[in-house]
J.: 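Take this structure first; my questions come after.
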Amino acid sequence: MLIDVHSHIDSKEFDKDREVVLKKCDVLVVDAGINFDNDLTILELSKKYSNVIPAGGLHPENIDYRNFDQELNKVLELSDKFKIISEIGLDYYWIKEDERRKIQKIVLERFLSEAEKRGKPLIIHIRGGIKDFLDVMPSYKVIFDVHAYEGNVRNALRIIELGGYISFPPVIIRDKQRQIVAKEIPIDRVLTETDSPYLGPTRDRNEPCNVLYSIKKLGEIWNIDDKSIERLIENNFKRFLGI
């Protein structure tokens with residue numbers, strides 16, 4: 001079975017053919033929420049499609065920075081309905097204001113604390129905030145995956161040292177930095193994702209079955225056949241979920 005640990009299959013880009021896309025291959029899809037309303041949509045979607053795992057969260061770009069506590073509490077109240085907490089994290093690429101970055105860290109730590117209490121894994125968005133992220137993580141005993149990691153090898157190894165995983169989207173086929181990271185980290189801490197409809201092998205709409213591109217490129221890097229990597233990723237995902 002193929003594993004897509006981070007997707008937005010609920011997005012409008014799939015409204016016309018979502019069912020077709022989800023049946024194109026034998027794939028398990030983690031659908032990541034970005035705010036409270038979206039989390040509710042994902043819960044309903046997971047009831048309709050057996051290969052969709054709902055993951056609830058509050059994306060840093062979607063925080064209401066004037067009144068963040070209200071929505072954060074609503075999302076946290078939903079967390080028992082989700083196997084995974086996602087999408088949460090830090091985004092300093094789009095969010096430049098210091099005060100908003102401070103709020104992002106507060107929100108992230110609330111999610112980390114709840115995940116630790118409830119024993120839930122997290123899938124985390126980090127873009128431009130890696131130093132603050134690595135400073136925060138030692139305070140929490142959680143299992144987490146950094147999705148679409150775009151940093152260097154040194155920070156990748158630190159993520160793994162802290163108990164984390166790193167997932168690679170199909171864009172790895174044309175991203176030399178991600179290829180370097182994949183070569184240097186332990187293969188038992190690697191997962192595959194698509195971030196559909198983004199980060200695909202081409203500029204077109206990305207889809208969950210495109211994790212095959214990630215698998216093939218990882219196979220080239222590690223000199224391992226595709227089927228063996230598919231089994232490896234599935235086993236890594238089971239360990240990530242604690243099953």
Side-chain angles (χ1 to χ4, degrees), residues 1-35 37-59 62 75 78-79 81-89 115 120-125 143-149 165-173 189-202 204-218 226-227 229-243:
M1 174 179 287
L2 300 173
I3 305 294
D4 182 357
V5 302
H6 189 88
S7 176
H8 300 284
I9 194 68
D10 61 280
S11 65
K12 66 181 187 318
E13 286 84 352
F14 296 103
D15 283 350
K16 293 182 179 179
D17 62 348
R18 185 172 292 110
E19 186 163 351
V20 172
V21 168
L22 284 169
K23 290 182 177 180
K24 279 186 177 181
C25 65
D26 185 17
V27 62
L28 198 60
V29 181
V30 178
D31 195 6
I34 59 172
N35 57 34
D37 289 340
N38 186 227
D39 292 344
L40 292 177
T41 297
I42 286 168
L43 280 173
E44 291 305 308
L45 199 67
S46 69
K47 295 174 184 177
K48 185 175 182 180
Y49 301 107
S50 61
N51 60 330
V52 172
I53 296 177
L58 179 58
H59 192 291
N62 293 89
V75 171
L78 280 179
S79 59
K81 298 181 182 293
F82 297 100
K83 291 184 178 180
I84 299 168
I85 293 174
S86 174
E87 178 171 7
I88 63 165
K120 290 184 181 289
L122 310 102
I123 298 175
I124 298 179
H125 170 108
I143 301 298
F144 65 98
D145 168 59
V146 176
H147 104 84
Y149 177 74
Y165 292 73
I166 290 175
S167 52
F168 292 96
V171 74
I172 190 177
I173 70 170
R189 293 302 186 89
V190 170
L191 295 167
T192 51
E193 64 159 291
T194 61
D195 200 22
S196 298
Y198 316 108
L199 299 183
T202 67
D204 299 325
R205 182 187 72 171
N206 199 10
E207 300 178 359
C209 292
N210 283 342
V211 292
L212 277 169
Y213 287 92
S214 298
I215 286 173
K216 288 183 180 298
K217 177 52 69 174
L218 291 170
D226 294 354
K227 280 297 178 184
I229 292 180
E230 185 177 333
R231 288 192 296 271
L232 169 74
I233 299 299
E234 187 174 356
N235 288 333
N236 289 352
F237 183 61
K238 288 178 181 177
R239 195 183 326 111
F240 173 76
L241 290 178
I243 59 175

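Values below: all heavy atoms of this structure, side chains included; hydrogens, waters and symmetry mates excluded. Note that the numbering runs from 1 along the sequence shown for the chain.
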J.: Can you tell me how far the CG atom of Asp26 sits from the CD1 atom of Ile3, to the nearest 0.5 Å?
T.: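 One finds 8.5 Å between CG of Asp26 and CD1 of Ile3.
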
J.: Which heavy atom of Phe168 sits nearest a heavy atom of Leu218, and at what distance?
T.: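 Minimum heavy-atom separation between Phe168 and Leu218: CD1-CD2, 4.3 Å.
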
J.: What's the shortest heavy-atom distance between Ile233 and Val190, and which atoms?
T.: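 Heavy atoms only, the tightest pair is CD1-O, 3.4 Å.
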
J.: Run the numbers on Leu212 and Cys25 for side-chain contact (heavy atoms from CB on, under 4.5 Å), then give the verdict.
T.: CA-CA 10 Å; Leu212 277 169; Cys25 65; 5.6 Å; no

J.: With heavy-atom distances below 4.5 Å as the criterion, would you say the side chains of Tyr213 and Ile172 are in contact?
T.: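 The answer is no, as the side chains (C-beta and beyond) never meet within the 4.5 Å cut-off.
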
J.: For residues Leu28 and Pro208, determine if any side-chain heavy atom of one lies less than 4.5 Å from a side-chain heavy atom of the other.
T.: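 When only atoms from C-beta onward are counted, Pro208 and Leu28 do not touch, as no gap falls below 4.5 Å.
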
J.: Check Ser7, Ser11, Cys209 against Ser196 for a side chain to side chain contact (heavy atoms under 4.5 Å, CB included) and give me the one that passes.
T.: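 With Ser196 as partner, Ser7, Ser11, Cys209 yield a single side chain to side chain contact (heavy atoms under 4.5 Å, CB included), made by Ser7.
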
J.: Using 0.5 Å steps for rounding, measure from the CD atom of Glu207 to the CD atom of Glu13.
T.: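 Taking CD in Glu207 and CD in Glu13, the distance rounds to 11.5 Å.
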
J.: What is the distance from atom CG of Asp145 to atom NE2 of His125, rounded to the nearest 0.5 Å?
T.: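 Reported to 0.5 Å precision, the distance equals 13.0 Å.
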
J.: Should Lys227 and Glu230 count as an ion pair when the cut-off is N to O under 4.0 Å?
T.: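 Salt bridge present between Lys227 and Glu230.
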
J.: Sub-3.5 Å donor-acceptor pair from the side chain of Asp31 to the main-chain atoms of Ile9, do we have one?
T.: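 Judged by distance alone, yes, a pair lies under 3.5 Å.
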
J.: For Asp195 and His147, run side-chain contact (heavy atoms from CB on, under 4.5 Å): C-alpha distance rounded to whole Å, both residues' side-chain angles, the deciding distance at 0.1 Å, then the answer.
T.: CA-CA 8 Å; Asp195 200 22; His147 104 84; 3.7 Å; yes

J.: Keeping the roles fixed (side chain from His8, backbone from Pro197), state whether a donor-acceptor pair exists under 3.5 Å.
T.: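 It does not hold such a pair.
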
J.: Parallel, tilted or perpendicular: which fits the ring planes of Phe240 and Phe237, with parallel below 30° and perpendicular above 60°?
T.: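 Parallel.
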
J.: A side-chain contact here means heavy atoms from C-beta on lying under 4.5 Å apart; do Pro121 and Ile84 qualify?
T.: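 Touching, per the 4.5 Å side-chain cut-off.
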
J.: Any side-chain donor-acceptor pair under 3.5 Å between Asn210 and Thr194?
T.: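 Checked: Asn210/Thr194 side chains show no N/O donor-acceptor pair below 3.5 Å.
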
J.: Could you walk me through whether Val27 and Asn51 pass the side-chain contact (heavy atoms from CB on, under 4.5 Å) check?
T.: CA-CA 7 Å; Val27 62; Asn51 60 330; 4.2 Å; yes

J.: Does Pro169 offer a backbone N or O that forms a donor-acceptor pair with the side chain of Ser214 under 3.5 Å?
T.: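 A pair under 3.5 Å: yes.
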
J.: In Å and rounded to the nearest 0.5 Å, what is the OG to CD1 distance from Ser86 to Ile34?
T.: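 With rounding to 0.5 Å, OG (Ser86) is 11.0 Å from CD1 (Ile34).
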
J.: Is it true that the side chains of Tyr49 and Arg18 contain a donor and an acceptor less than 3.5 Å apart?
T.: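 No, Arg18 and Tyr49 have no side-chain donor paired with an acceptor closer than 3.5 Å.
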
J.: If I compare all heavy atoms of Val5 with all of Val30, which pair ends up nearest, and what's the gap?
T.: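 Closest approach of Val5 to Val30: O-CB, 3.3 Å.
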
J.: Any chance you could measure Asp15, atom CG, to Asp10, atom CG, to the nearest 0.5 Å?
T.: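 One gets 9.0 Å once the value is rounded to the nearest 0.5 Å.
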
J.: Looking only at non-hydrogen atoms, find the nearest pair between Ile88 and Ile85 and report the distance.
T.: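 So the two residues come closest at CG2-CG2, 4.0 Å.
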
J.: Under the side-chain contact (heavy atoms from CB on, under 4.5 Å) criterion, do Ile215 and Leu2 qualify, and how do the steps go?
T.: CA-CA 9 Å; Ile215 286 173; Leu2 300 173; 3.5 Å; yes

J.: How far does CG of Leu78 sit from CD1 of Ile42, to the nearest 0.5 angstrom?
T.: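 The CD1 atom of Ile42 is 11.0 Å from CG of Leu78, to the nearest 0.5 Å.
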
J.: Do you know which two heavy atoms are closest between Gly33 and Asn38, and how far apart they sit?
T.: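 For Gly33 versus Asn38, the nearest heavy atoms are CA-OD1, 3.3 Å.
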
J.: Working note: Lys47 + Glu44, criterion salt bridge (charged side-chain N to carboxylate O under 4.0 Å, His left out); need CA distance, chi angles, decisive distance, verdict.
T.: CA-CA 5 Å; Lys47 295 174 184 177; Glu44 291 305 308; 3.0 Å; yes

J.: Quick check: closest heavy atoms across Ser167 and Glu193, and the distance to 0.1 Å?
T.: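 Heavy atoms only, the tightest pair is OG-OE2, 2.7 Å.
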
J.: Side-chain contact test, heavy atoms from C-beta onward, threshold under 4.5 Å: evaluate it for His6 versus Leu199 and give yes or no.
T.: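 No, side chains not in contact.
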
J.: What do you reckon, is CZ of Phe82 surrounded by more than 12 foreign heavy atoms closer than 6.0 Å?
T.: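 Buried by this count: over 12 neighbours within 6.0 Å.
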
J.: Between Ser79 and Val75, is there a donor-acceptor pair closer than 3.5 Å when you use the side chain of the first and the backbone of the second?
T.: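 Between the backbone of Val75 and the side chain of Ser79 there is no qualifying donor-acceptor contact (under 3.5 Å).
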
